[in-house]
Amino acid sequence: MTQVKTRFAPSPTGRMHVGNLRTALYAYLIAKHENGTFMLRIEDTDQERFVPGAVDIIYRTLEKTGLKHDEGPDKDGGVGPYVQSERQASGIYLKYAKELIEKGEAYYCFCTKERLESLRTTTGGKEIVVYDKHCLHLSKEEIQANLDAGIPYVIRQNVPNEGTTKFVDEIYGEIEVPNAELDDMILIKSDGFPTYNFANVVDDHTMGITHVVRGNEYLSSAPKYNRLYEAFGWEVPVYIHCPLITDEHHAKLSKRSGHSSFEDLLDQGFLTEAIVNYVALLGWCPTDNREIFSLEELVKEFDYHHMSKSPAVFDIQKLRWMNGEYIKAMDFDTFFEEAEPWIRRAVSKDLDLKKIAAMVKTRIEIFPDIPEMIDFFEEVPEYDIAIYRNKKSKSTEETSLKVLQDMLPVLEKQDLFTSEALFEQIRLYCEANGLKNGFVIWPLRIAVSGKAVTPAGATEIMEVIGKEETLIRIRKGIEKLS
RNA sequence: GGCUCCUUGGUCAAGUGGUUAAGACACCGCCCUUUCACGGCGGUAACAUGGGUUCAAAUCCCGUAGGAGUCACCA
């Protein structure tokens, strides 16, 4: 059995789309699961769309996510170059295209943009262009004359109008398409560069790719590829088309969703490991239904035969949950290092940030959740006294006022401001007055935080802000309630 | 519009002829006698539809509907 070799072949056009990232991940996992080779190839045949710096994004993303390639522009594996513009410079694509012309599987086309434009029709609200094979019928002499005259040309694939072409995909099975549906796609553009479709076939073959892993959006063009492989007499690789990733409206995930790229997600505060983990589960599921996986564990468990066919909605809510799981699993020091700048955004006072960090660690899903959750440590926000009312502890504005008035002198006398000591004082007060803890603690917590929801209990908050500030806040609470 | 693919709860999904149709997120409830949260326990909720085949169908076949993808000198 030959060794598995997969590739990730992105175009340097900007941010890393999550669909792309998942394709890269699956390609990596399929190779590594079999101890195979994972290759990186840069597809920069579109000079217009090329974005400077985008190649760096690709390297950085692979590095950050741990999808280390064994071969690529920076790691020669003997089948380079690994950048298509460099391969194009070597003349490889033109050479193979001419071979196809010899075999009658391709032909020169000199049609102008205007003529092509005239072929454009609108159907079902969509504009489509179906080439009419106009140039297929040019004579040898006409072609030569055009070439000699320097008329710009493209090279097109020649697909017959009759019959069908079939191919086999590992996930979707056998798919058969009528040839009449297959357009005579352009192989070589007028600028001499190959199109994606053609470069892919030539490169995947010459670079020894055994398993072609790509997005479902290429499913319908796969038959054209097969014709090319067959025309060349090359062995067809194993096709693995990944199901589409969609937004909540079930349409292809686009920039409009706000989280269509890996960088978007990082910007929003998601952890790399969580993103990789989540994305792995979009279209694949292990037999035991486990959900939390490190990359190494994924390599071990991933079996592409368990991939699903149907498109998957990218659920940011579930990603948030998963991110929270990763945060909870972090060791405290690492967590604190990450969390401190976020805490600092809300708290400038000299408080025990580690205590605040500990409160927040199990309660956030992403780091940017922090500031809003702890802003009251800095300053009590304006609040409606209605929040003193609580059905369960039977608190009202009136009972709360009474509790605060009673507790104020107790706290004024209290010097040891630890959560335990404070709780003990409260307990004694409750005991003496026959009250439930919650009845007393509820108003204290509100007075001291100004919030109905806090990441910690009243006494913990008091410990952090200290005696002086606690008393100020309680007096202010009494004032508000009076 | 042609072609292709897809269709299990709101979402991710297990399931490959016989199951009380798993699990997770979200939602809801209860408990944790310090709220919310965390944690624990529990609950609501699904095989798009119509025909077959079969003793038996979410699973196989055909049709219908719905959704998506694609139809560039973009990848």
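Labels below follow one simple rule: chain letters A, B, ... track the order of the sequence lines, proteins then strands, and each chain is numbered from 1. The figures here come from the full heavy-atom set of this structure, side chains too, leaving out hydrogens, waters and symmetry mates.
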Exercise for review: Remember a base hit wins even if backbone is also touched, and classify A:Ile128 as base, sugar-phosphate or nothing at under 4.0 Å, heavy atoms.
Suggested key: base
Practice item. Kindly state whether the pair A:Tyr196 / B:rC74 counts as stacked, where counting means centroids closer than 5.5 Å and planes tilted less than 30° apart. Key: no
Review point. Contact class for A:Glu127 (heavy atom, under 4.0 Å): base, sugar-phosphate, or nothing?
Key: nothing
Exercise for review: Answer with base, sugar-phosphate or nothing: what part of the nucleic acid does A:Gly125 contact at a heavy-atom distance below 4.0 Å?
Suggested key: nothing
Review point. Are A:Lys309 and A:Asp169 within salt-bridge range, i.e. N to O under 4.0 Å?
Key: no
Review point. Quick one: is the NZ or CZ of A:Arg427 closer than 6.0 Å to the six-membered ring centre of A:Phe423, and within 45° of its axis?
Key: no
Review point. Think A:Lys328 has a side-chain N or O under 4.0 angstrom from the OP1 or OP2 of B:rA37?
Key: no
Check your understanding: How would you label the contact of A:Ala312 with the nucleic acid (heavy atoms, under 4.0 Å): base, sugar-phosphate, or nothing?
Key -> sugar-phosphate
Review point. Side-chain N or O of A:Ser308 less than 4.0 angstrom from OP1 or OP2 on B:rA13?
Key: yes
**Study point:** Distance-only donor-acceptor check, side chains A:His305 and A:Asp303, under 3.5 Å
**Key:** yes
Check your understanding: Would you say the side-chain atoms of A:Tyr225 and A:Asn200 include a donor-acceptor pair closer than 3.5 Å?
Key -> no
Review point. Contact class for A:Tyr218 (heavy atom, under 4.0 Å): base, sugar-phosphate, or nothing?
Key: base
Check your understanding: Does a side-chain N-to-carboxylate-O contact under 4.0 Å join A:Lys255 and A:Asp264?
Key -> no
Check your understanding: Can you tell me if CZ on A:Arg256 sees more than 12 non-hydrogen neighbours from other groups inside 6.0 Å?
Key -> no
Review point. Of all residues at least two apart in sequence or in a different chain, which pass the salt bridge (Lys or Arg N to Asp or Glu O under 4.0 Å) check with A:Arg320?
Key: A:Glu365, A:Asp369
Practice item. Could you check whether A:Ala9 gets within reach of a base, just the sugar-phosphate, or nothing at all, counting any heavy atom under 4.0 Å? Key: nothing
Review point. Is A:Lys361 touching bases, backbone alone, or none of the nucleic acid, heavy atoms closer than 4.0 Å?
Key: nothing
Check your understanding: Which part of the nucleic acid does A:Thr362 contact within heavy-atom distance under 4.0 Å: base, sugar-phosphate only, or nothing?
Key -> sugar-phosphate
Review point. For A:Glu463 and A:Ser419, does a side-chain donor sit closer than 3.5 Å to a side-chain acceptor?
Key: no
Check your understanding: Closer than 4.0 Å, any side-chain N/O of A:Lys318 to the OP1 or OP2 of B:rA13?
Key -> no
Exercise for review: For A:Cys111, report the nucleic acid contact type (base, sugar-phosphate, nothing); a contact means any heavy atom under 4.0 Å.
Suggested key: base
Check your understanding: With a non-hydrogen cut-off below 4.0 angstrom, is A:Trp442 in contact with a base, only sugar-phosphate, or nothing?
Key -> base
Practice item. Just need the stems in RNA chain B: three or more back-to-back Watson-Crick or G-U pairs, each with both distances under 3.5 angstrom, sorted by first number. Key: B:1-7 with B:65-71, B:10-12 with B:23-25, B:27-31 with B:39-43, B:48-52 with B:60-64
Check your understanding: Heavy atoms under 4.0 Å, any strand shown: does A:Val177 hit a base, just sugar-phosphate, or nothing?
Key -> sugar-phosphate
**Study point:** Sugar-phosphate only, base, or nothing, as touched by A:Ser190 at under 4.0 Å among non-hydrogen atoms
**Key:** base
Point to revise | Earlier contact from the 5' end, RNA chain B, for A:Phe314 and A:Val453 | key: A:Phe314
Exercise for review: Establish, with yes or no, whether the OP1 or OP2 oxygen of B:rA75 is under 4.0 angstrom from a side-chain nitrogen or oxygen of A:Thr45.
Suggested key: yes
